[in-house]
Number of protein chains: 2
Amino acid sequence: MSEYQQQHSPTAYGQDGDALPPVEQHAQQYETVRNAHETELIEDYVELIGDLLRHRGEARAADIATRMAVSQATVSKMIRRLNELGLVTSKPYRSLFLTEEGQKMAEISRSRHDVVLHFLRALGVDDSTARIDAEGMEHHVSDKTLTIMQRFTEQQRT
Amino acid sequence: MSEYQQQHSPTAYGQDGDALPPVEQHAQQYETVRNAHETELIEDYVELIGDLLRHRGEARAADIATRMAVSQATVSKMIRRLNELGLVTSKPYRSLFLTEEGQKMAEISRSRHDVVLHFLRALGVDDSTARIDAEGMEHHVSDKTLTIMQRFTEQQRT
DNA sequence: GATAATTGTTAGCCATGGCTAAACTGTTTA
DNA sequence: TAAACAGTTTAGCCATGGCTAACAATTATC
């Protein structure tokens with residue numbers, strides 16, 4: 001280990017934005033992000049399927065491919081995974097549907113997405129930028145922060 | 001194409017948070033996120049190397065492995081990539097250094113990271129949550145939004 | 001200076017998430 | 001009803017980013 005011993009000076013920490021976080025905390029930050037990445041795509045698919053079902057009544061692989069700007073083959077493969085994960089049910093050549101669990105996930109993702117999106121708009125970000133940023137950010141915002149964002153948005157509204 | 005024709009009603013859009021975005025816009029959101037993911041890890045490594053150099057005077061592969069909670073083998077492989085990309089220079093068993101370009105990237109990442117982190121704190125998020133969220137969010141916040149965040153943080157400070 | 005401990009590299013494995021091309025199914029239409 | 005077309009699936013490729021295990025080099029310690 002070539003790093004110096006961490007100094008345990010709790011006061012210095014948090015006031016000096018420049019200091020490196022303690023090793024364990026730093027490691028946890030990166031781990032959290034890596035974990036988020038694993039579920040991120042899954043959630044995006046499930047969320048989109050939920051949205052399509054809600055707005056269109058059906059969710060076809062072709063639509064998902066178009067909306068995600070991805071090949072149909074990729075979608076097909078992904079659907080198999082979602083199936084194995086018990087998130088969607090699919091009969092070949094038919095619309096997809098969400099399982100109980102899939103619906104729950106879609107609901108959570110959607111609401112998280114909405115909170116972030118509305119927050120960004122309340123903050124003064126233009127709609128199209130807010131949409132893009134929200135799509136990327138939503139999976140990395142903790143529940144704590146979400147709550148704060150929601151509060152902020154509501155205050156702004158009054 | 002099984003989706004209905006998109007209605008072109010600009011007014012409805014942006015008021016109804018429930019509507020699906022137009023196909024092209026929706027596709028662009030996902031594309032932007034995918035692109036961000038490609039550079040994300042690279043930036044994280046470069047940023048961390050920069051931070052280690054600044055705070056410790058040297059950046060060893062072992063430190064990176066510890067701080068990222070990743071195996072040394074993974075770091076070694078990654079460093080080879082960073083080398084090929086012209087972002088770092090490395091002699092075996094010696095500290096890493098950033099190239100011009102690497103320094104530029106580190107600087108940008110760091111400042112983006114700081115803006116997000118300070119913003120979250122200004123918003124009322126506790127330090128440790130803010131750190132975790134910032135790490136995930138930083139790569140998905142557009143310049144426009146960054147500017148707004150920065151302004152917000154400054155206002156809060158007065 | 002020999003040996004132990006640390007650090008770094010390499011080889012080779014795996015899962016993920018893209019892709020294209022080709023095959024297959026289902027629907028529409030001539 | 002047969003052909004054409006749209007939609008879906010499968011096969012097989014690639015890059016990325018993890019991992020472990022084995023080995024190599026450097027540094028520290030006795």
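Hydrogens, waters and symmetry mates are skipped; everything else that's a heavy atom, side chains included, is used. Proteins get letters first, then strands, A, B, ... in listed order; numbering begins at 1 in each.
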* Base, sugar-phosphate, or nothing for Ala73(B), non-hydrogen atoms under 4.0 angstrom? -> base
* Check the distance between dA25(D)'s P and Arg60(B)'s CZ and give it to me in whole angstrom. => 16 Å
* Asked: Once you round it to whole Å, what is the distance between P of dG8(C) and CD1 of Ile49(B)?
  -> 12 Å
* What integer distance in Å separates Met78(B):CE from dG8(C):P? -> 17 Å
* Reckon Ser71(A) has a side-chain N or O less than 4.0 Å from the OP1 or OP2 of dC19(C)? -> yes
* **Contact summary for Ile148(B) and Leu123(A), nearest pair of heavy atoms** => CG2-O, 3.5 Å
* Asked: Taking CG from Asn83(B) and P from dT9(C), how many angstroms apart are they, rounded to a whole number?
  -> 10 Å
* Within the structure shown, what part of the strands sits under 4.0 Å from Leu41(A) by heavy-atom distance: base, sugar-phosphate, or nothing? -> sugar-phosphate
* Calculate the interatomic distance between Ile42(B) atom CD1 and dA15(D) atom P; express it in whole Å. => 15 Å
* **Protein-nucleotide distance (Tyr93(A), atom OH; dT25(C), atom P), rounded to Å** => 6 Å
* To do: Please report the C-alpha distance between His140(B) and Glu40(B) in whole Å, then the side-chain angles of each, then the deciding distance to 0.1 Å, and finally whether the side-chain hydrogen bond (donor to acceptor under 3.5 Å, both in side chains) criterion is met.
  => CA-CA 9 Å; His140(B) 301 280; Glu40(B) 209 166 308; 3.2 Å; yes
* Charged N-O contact under 4.0 Å between Arg56(A) and Asp63(A) -> no
* To do: Would you mind reading off the distance between Glu31(A) atom CD and dC19(D) atom P, rounded to a whole angstrom?
  => 9 Å
* What is the nucleic acid contact for Val70(B), judged by heavy atoms within less than 4.0 Å: base, sugar-phosphate only, or nothing? -> sugar-phosphate
* For Gly86(A) and Glu101(A), work out which heavy atoms get closest and say how close. => O-OE1, 3.9 Å
* **Qualifying residue, where the test is side-chain hydrogen bond (donor to acceptor under 3.5 Å, both in side chains) with Glu43(B) and the options are His139(B), Arg110(B), His113(B)** => His139(B)
* Structure fact -> When Gln72(B) and Arg94(B) are each assigned the nearest nucleotide of DNA chain D, the 5'-most assignment goes to Gln72(B)
* Asked: Taking for each residue the nucleotide of DNA chain C bearing the nearest heavy atom, is the 5' side occupied by Tyr45(A) or by Lys77(B)?
  -> Lys77(B)
* Structure fact -> Separation of dC14(C) atom P from Arg81(A) atom CZ, nearest Å, is 17 Å
* **Side chain of Arg34(B) - closest among dG18(C), dC19(C), dG8(C)** => dG18(C)
* Think Thr74(A) has a side-chain N or O under 4.0 angstrom from the OP1 or OP2 of dC19(C)? -> yes
